[in-house]
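First the structure, in the form of structure tokens, and then the observations on it.
Below, read A as the first sequence line, B as the second, and so on, with proteins coming before strands; counting in each chain starts at 1.
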Amino acid sequence: MITGIKGMNDILPGEVETWQYLEEQARRIFAAYGFAEIRVPVVEKTDLFCRSIGESTDIVEKEMYSFTDKGGTSITLRPEGTASVMRSFIEHKLYAQDPVARLYYLGPMFRYERPQKGRYRQFHQIGAEAIGIDDPRVDAQLMAMLTHYLDEVGIRDVELQVNSLGCPECRPAYRQALIFFLQPQLEALCEDCRRRWCTNPLRVLDCKVPGCREATAQAPSILDHLDTPCADHFSRVRAALEDLAVPFAVNPRMVRGLDYYTKTTFEVVTGNLGAQNAVAAGGRYDRLIQDLGGPPLPGIGFAMGLERLVLLKGEERIAPPRPALFLAALGEAAGRQAFRLMCSLQRRGLRAETDFEGKSLKAQMRRAGRLQARFVLILGEEELARQIGQLRDMDAGTQEEIALGELAERLLERLGQRETLDAVR
RNA sequence: GUGGCUGUAGCUCAGUCGGUAGAGCACUGGAUUGUGGCUCCAGGUGUCGAGGGUUCGAGCCCCUUCAGCCACCCCA
């Protein structure tokens, strides 16, 4: 048996409806905030990710699906979406028409990691990017949109956390201050954190080991080391969030896995995802476009992990659509008629089903019941001769004769009635 | 890359002290001729993840290997 690839999952009927729902709501809500979809390839030249995400990040160092194509170019399955969107934005000079762009994307991302709960080698993100405005209100607006979306699709028990990582002018000083602070405490830190102290000291603040948390309890905060523009930006972001009544918590220990972030960073976290806690994450990247060879335009964006949203929805599945009608036919002539009727209903957009195996009426009724058909049309020799059928309401258990010529109309009428009733309830 | 747990029917899982495998669900047929869900009856399916070893005999014990899950690292 040929199986799928580790960490790459099939999304089967029964679950796919939830995916479709989450995607549709994102399209609808993001559109209201002025975002347009952009579709970019799932592979890019490897250099793009090295330059944007950062050479020394874990993603670039050990998690990329990179290979050489037949032309000798090193290409990589995208580990995230922002780099590709920025490449496209720059390549097509979208800033020439309008220096402000709001773009969203959705699709698969790839990272070579050991799979675990909420974490896969092929995973899916919905992301949004707002380019060209450095006003803090844009930061707040993006977080408001994200919060609005999660609320709308019924994701509960989450918290929006915000932080500022400063900029290349002020972050190095903080980094030094943190290194100085941690140096005398190295003994108290875990093995991983002693390594982090050298490689990425900010990560020490994020460690879960109790000993490390104690040792860093009095550590300097990045928020006290921001320079004036960064501090001002951050306070205006918070003010704007308050103004919009978006609940949030400041988390000065929040760290990022990608190098391009500046100033505002944010995460939506939950305790219901096993070892994972992030549902969505994002931040400002005011240097990225320039670093990739574009104009000096600022940007901010976020991405949500679809698998994680689906996981949080849990058993709360979106019900697949029910067939409007199952045509139960007895005998060959009735079978032909049922097949014709089914096709004509389908052309009118009504989901209809029938039996192709000449089964007994009992068996056909059982199948109709299992498919949760709203109605069944029973068509035997006698009905066929009179050009009528028995229309059975499967929910009510009632049945009436109807003329075959009126089938579609009667069906639409009664389905409409039903929908009205549902709406009233 | 490291560690732990688990692999038995399509699915969820039992399987005693080592004696050649079971249940529920699902599926199919039936319980008055042409009427679903509930109930009852009947029916089939397994390289017991794979390979090797111990043993008269292995689903069970030992070794190897593969896969899945979970956790670490890191992250959506």
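RNA chain B contains the following stems of three or more consecutive Watson-Crick or G-U pairs, with both distances under 3.5 Å: B:1-7 with B:66-72, B:10-13 with B:22-25, B:27-31 with B:39-43, B:49-53 with B:61-65.
Using a 4.0 Å cut-off on heavy atoms, the residues of residues 358-366 of chain A that approach RNA chain B are A/Lys359, A/Ser360, A/Leu361, A/Lys362, A/Ala363, A/Met365, A/Arg366, listed by number.
Distances shorter than 4.0 Å separate some side-chain N or O of A/Gln116 from OP1 or OP2 on B/A71.
Taking the charged nitrogens against the carboxylate oxygens, A/Lys45 and A/Asp47 have no contact shorter than 4.0 Å, which rules out a salt bridge. Of the charged side-chain nitrogens involved, at least one lies within less than 4.0 Å of a carboxylate oxygen, so that A/Asp395 and A/Arg322 count as a salt-bridged pair.
Heavy atoms of A/Arg367 sit nowhere under 4.0 angstrom from any nucleic acid atom. At the heavy-atom level, A/Gly274 lies under 4.0 Å from the strands shown only through sugar-phosphate atoms. Across all strands shown, A/Leu273 has no heavy atoms under 4.0 Å from either base or sugar-phosphate atoms. At the heavy-atom level, A/Gln399 lies under 4.0 Å from base atoms of the strands shown. Backbone-only contact: A/Ala278 has heavy atoms under 4.0 Å from sugar-phosphate atoms and none from a base. In this structure, A/Glu383 reaches the bases: a heavy-atom distance under 4.0 Å links it to at least one base atom across the strands shown. Among the protein residues, A/Val376 comes within range of no part of the nucleic acid, since none of its heavy atoms lies under 4.0 Å from any strand.
The shortest side-chain heavy-atom distance between A/Leu178 and A/Pro220 falls under the 4.5 Å cut-off. Contact annotation: the side chain of A/Leu407 approaches that of A/Leu325 to within less than 4.5 Å [non-hydrogen atoms, C-beta and beyond]. The shortest side-chain heavy-atom distance between A/Leu103 and A/Phe35 does not fall under the 4.5 Å cut-off.
Taking atom P in both B/C41 and B/A26, the straight-line distance is 15 Å, to the nearest Å. B/C62 and B/U47: their P atoms are spaced 24 Å apart (whole Å). Taking atom C1' on both B/A50 and B/A67, the two are 10 Å apart, rounded to the nearest angstrom. Comparing B/G59 with B/G22, their P atoms are spaced 13 Å from each other, to the whole Å. For the P atoms, the distance linking B/U20 with B/C48 amounts to 15 Å, nearest Å. Distance check on atom C1': B/C61 versus B/U54 gives 8 Å, rounded to whole Å. For the P atoms, the distance from B/U16 to B/G49 is 14 Å, rounded to whole Å. The P atoms of B/C38 and B/U28 are separated by 14 Å, rounded to the nearest whole Å.
With rounding to the nearest 0.5 angstrom, the CG atom of A/Leu384 is 7.5 Å from the CG atom of A/Leu404.
The minimum heavy-atom distance between A/Pro168 and A/Arg287, with the atom names listed, is CG-NH1, 3.4 Å. Here the closest heavy-atom approach between residue A/Leu205 and residue A/Ala219 is recorded as CD2-CB, 3.9 Å.
Under a 3.5 Å cut-off, the side chain of A/Ser164 and the backbone N or O of A/Phe234 do not form any donor-acceptor pair. No side-chain donor-acceptor contact under 3.5 Å links A/Ser88 to the backbone of A/Ser84. A donor-acceptor contact shorter than 3.5 Å is absent between the side chain of A/Glu15 and the backbone of A/Leu12.
Here the C1' atom of nucleotide B/A76 and the CZ atom of A/Phe302 are 12 Å apart, to the nearest Å. Note: CD (A/Glu267) to P (B/A76) measures 7 Å, nearest angstrom. Here the P atom of nucleotide B/C69 and the CG atom of A/Leu311 are 12 Å apart, to the nearest Å. When the P atom of B/A76 is taken as reference, atom CG of A/Leu258 falls 6 Å away, rounded to whole Å. In this structure, CZ of A/Arg392 is placed 12 Å from C1' of B/G34, rounded to the nearest angstrom. The distance from atom CD of A/Gln390 to atom P of B/G36 is 15 Å, rounded to the nearest whole Å. As a whole-Å value, the separation of A/Tyr120 OH from B/G68 C1' is 12 Å. Counting to the nearest Å, the P atom of B/A76 and the CD atom of A/Gln122 are 17 Å from each other.
Heavy-atom nearest nucleotides on RNA chain B were determined for A/Leu379 and for A/His124, and the one closer to the 5' end corresponds to A/Leu379. Mapping A/Glu382 and A/Arg256 onto RNA chain B by nearest heavy atom places A/Glu382 closer to the 5' end of the strand.
The salt bridge (Lys or Arg N to Asp or Glu O under 4.0 Å) with A/Arg414 is formed by just one residue from the set A/Glu406, A/Glu400, A/Glu409; it is A/Glu400.
Annotation: cation-pi pair A/Arg121/A/Tyr112 present, NZ/CZ under 6.0 Å from the ring centroid and within 45° of its normal.
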Q) Can you give one letter per nucleotide of nucleotides 1-8 of chain B, 5' to 3': B if a protein heavy atom sits under 4.0 Å from the base, S if only from the sugar-phosphate, - if neither? A) BBB-----

Q: Could you walk me through whether A/Gln25 and A/Arg28 pass side chain to side chain donor-acceptor pair (under 3.5 Å), step by step?
A: CA-CA 5 Å; A/Gln25 296 306 309; A/Arg28 184 176 66 76; 2.7 Å; yes

